[in-house]
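Reminder, nothing fancy here: chain letters follow the sequence lines and each chain counts from 1.
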Amino acid sequence: MNSTIFKPTTPPPSHPSSLFPQITACKTIRDLHQVHALFIKTRQIHDPLAAAEILRFYALSAHRNIEWARAVFNHMQRPNCFSWNTIIRALAESSVDEHPLEALLLFSQMVSYGFVGPNRFTFPSVLKACAKMGNLGVGKCVHGMVVKFGLDTDEFVVSNLVRMYVMCKVMEDAHLLFSRSVVVCGHLNERKQEGNVVLWNVIVDGYVRVGDVRAARVLFDKMPQRSVVSWNVMISGYAQNGFFREAIDLFRDMQIENVYPNYVTLVSVLPAISRLGALELGKWIHLYAGKNRIEIDDVLGSALVDMYSKCGSIEKALLVFEKLPKRNVITWNAIISGLAMHGRVEDALDYFKKMEPAGVVPSDVTYIGILSACSHAGLVEQGRSFFNRMVNVISLEPRIEHYGCMVDLLGRAGLLEEAEELILNMPIQPDDVTWKALLGACKKQGNIDMGKRVAEVLMDLAPHDSGSYVALSNMYASLGNWEAVAKVRLQMKDMDIRKDPGGSSIELDGVIHEFVVEDESHPRAREIHSMLEEISNQLSLEGHRPDTTQVLLNMDEEEKQSVLHYHSEKIATAFGLISTAPQTPLRIVKNLRICEDCHSSLKLISKIYERMIIVRDRKRFHHFEQGLCSCMDYW
DNA sequence: TTAGGGTTAG
């Protein structure tokens with residue numbers, strides 16, 4: 001990507017001129033207290049304009065203090081419309097739960113006193129308060145007043161009305177009002193709502209919020225104008241609804257259209273980059289933030305830490321973490337989960353220990369990271385102790401994820417009965433993921449009896465999920481019970497359940513190349529195939545014998561070997577080997593868990609070709625180097 | 001005086 005096209009962000013606008021330069025000059029709340037005291041002493045505070053200006057600083061400046069604003073407002077004899085609007089807006093925008101309701105109460109006082117009427121600056125705040133409370137009844141009532149005051153064509157009011165319907169989860173009403181505003185206002189030839197970017201942003205955001213990204217995209221494409229916010233809404237909408245590739249594609253389109261990404265764009269697109277493991281693009285984002293003086297605060301920092309660790313570069317994640325001027329609980333969670341995912345258990349526990357002395361209280365998510373770290377390393381006692389501490393000392397209610405970690409930890413360490421006991425006695429309903437952890441453990445421990453039982457539960461719980469059928473079939477296959485295998489496969493066929501296709505991807509010069517099993521679609525398929533042949537020969541020379549027990553089908557040994565030979569992670573590795581300079585580490589992302597055979601093959605490949613190969617599977621990272629894997633074969 | 005964000009068991 002060409003990074004030279006980006007300009008630095010524009011500097012903030014200078015302060016507007018003011019009737020009260022003493023107030024405008026205030027830099028802190030202390031400065032304002034002094035001016036305020038002076039105004040009281042000189043009785044200047046009785047000048048409605050002076051009082052309104054003081055109120056505005058307390059209510060809406062960067063150093064806002066609502067209690068002081070309220071005090072000033074309450075002392076006003078007869079606040080003007082400007083002052084009513086100021087205090088209502090401050091309360092409506094506040095993050096304190098009770099404040100939006102107080103905003104509505106003040107609004108009703110304003111209306112019932114009748115000295116000043118609400119205007120086009122009052123309603124956006126009032127509607128914002130309704131939206132925050134999700135109170136449709138009050139919202140509709142306010143809508144009625146908007147119409148009564150003839151403000152239903154004002155662009156600020158209309159976009160807030162639509163937003164209120166969106167936040168009250170009535171998309172039909174939101175859309176109806178949106179389309180009526182676009183048509184009516186265009187027809188009246190007023191300032192056209194068609195061109196009201198905010199109104200369009202609000203409706204696109206509405207569809208994103210209800211998860212209908214398709215509808216959101218249709219509207220996005222129809223927008224008469226787009227601002228950077230429009231792009232941000234759509235990109236984060238894609239990312240948050242699991243459309244990671246679309247999020248990244250749109251991020252690229254945005255640059256083609258010369259719209260400059262801002263802070264929110266970066267925070268929105270990073271999770272998509274993390275999920276796809278697109279390290280080069282992630283690095284580019286990091287660089288872009290630096291070049292354009294976009295502040296890397298705790299929020300953007302957390303997203304970067306997560307991106308580097310999910311893209312296989314845990315060292316870089318640690319560097320970013322250490323350099324951050326401010327870290328919050330999410331930043332800590334990101335680095336702890338990252339270390340856990342990379343099997344760096346000691347480090348994960350170390351960071352956990354450093355958290356509280358740094359003044360950050362661990363959350364339930366922190367414990368998910370810590371428990372998963374213990375489970376990756378088979379630290380049963382430590383895991384049990386963390387779980388007990390969390391419940392009994394910290395008094396955090398365990399969530400299904402914590403139970404999932406514990407089942408995985410106990411089960412894979414061989415304590416299958418204890419794991420099953422935990423599932424049966426947990427106070428919340430176990431879900432398919434919980435049972436899958438136990439099923440995986442049964443498979444690892446070779447306990448077919450329990451495995452069959454668990455697979456049956458799973459088929460009941462998630463009848464269309466191929467995972468349990470495949471696991472059951474694999475278990476029968478490992479016993480050579482082909483009759484049972486055939487039965488399971490027939491059942492799958494009857495229910496039209498297909499095995500999730502295994503896929504692997506590798507990023508090369510910012511482009512993600514994806515491969516599925518036996519993939520021949522890549523433009524360099526021929527070269528990849530001959531590389532695969534060469535790898536296969538080298539592996540045989542090293543004494544590698546393909547492990548065919550995981551191949552589900554009843555085919556002869558030679559055919560099974562051929563399927564293994566063309567597993568997607570091997571194809572991606574072959575492609576990486578022929579496309580990069582010697583010694584370049586290969587980073588591969590796989591959608592399922594890596595199989596036994598690929599795991600042992602990749603260990604050898606790392607030795608034969610002297611490459612570090614970093615594979616992210618569905619659950620964790622494997623760093624293959626010099627014939628060994630960082631998971632120490634416990635996965 | 002409108003819109004937008006980061007971490008989470010298999």
Distance below 4.0 Å between [X] side-chain N/O and [N] OP1 or OP2:
{"X": "A:K444", "N": "B:dG10", "answer": "no"}
{"X": "A:R163", "N": "B:dG4", "answer": "yes"}
{"X": "A:R620", "N": "B:dA9", "answer": "no"}
{"X": "A:Q240", "N": "B:dG6", "answer": "yes"}
{"X": "A:K128", "N": "B:dA3", "answer": "yes"}

Students often mix this up, so state it plainly: with edges at 30° and 60°, are the rings of A:W635 and A:H622 parallel, tilted or perpendicular?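 Answer is perpendicular, since the angle exceeds 60°.
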Out of B:dG10, B:dT8, B:dA3, which nucleotide sits closest to the side chain of A:S337?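 Out of B:dG10, B:dT8, B:dA3, the nucleotide with an atom closest to A:S337's side chain is B:dT8.
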The side chain of A:V202 lies closest to which of these nucleotides: B:dG4, B:dA3, B:dG6?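 Minimum distance to the A:V202 side chain belongs to B:dA3.
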Residue pairs passing the salt bridge (Lys or Arg N to Asp or Glu O under 4.0 Å) test where at least one lies in residues 429-442 of chain A, sequence neighbours excluded: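 Found A:K436-A:D465.
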For [X], report the nucleic acid contact type (base, sugar-phosphate, nothing); a contact means any heavy atom under 4.0 Å.
{"X": "A:R120", "value": "nothing"}
{"X": "A:N119", "value": "nothing"}
{"X": "A:S227", "value": "base"}
{"X": "A:N85", "value": "nothing"}
{"X": "A:D364", "value": "nothing"}
{"X": "A:K619", "value": "sugar-phosphate"}
{"X": "A:I400", "value": "base"}
{"X": "A:D432", "value": "nothing"}

Mind checking whether A:W231 and A:F220 have ring centres under 6.0 Å apart?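 Aromatic pair counts; centres sit under 6.0 Å.
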Can we call the ring centroids of A:W200 and A:F178 under 6.0 Å apart?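 Under 6.0 Å, so yes.
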Could you check whether the side chain of A:N333 and the base of B:dG6 have a donor-acceptor pair of N or O atoms closer than 3.5 Å, going by distance alone?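 Side chain to base: no pair present.
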Looking at the base of B:dG4, is there any donor atom on it, or on the side chain of A:N201, that sits under 3.5 Å from an acceptor on the other one?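 Between B:dG4 and A:N201, which were checked side chain against base, a qualifying N/O pair under 3.5 Å is absent.
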I'd like to know if the side chain of A:N160 reaches the main chain of A:F156, judged simply by a donor and an acceptor atom lying under 3.5 Å from each other, with no hydrogens or angles considered.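 Yes, because the side chain of A:N160 sits within donor-acceptor range (under 3.5 Å) of the backbone of A:F156.
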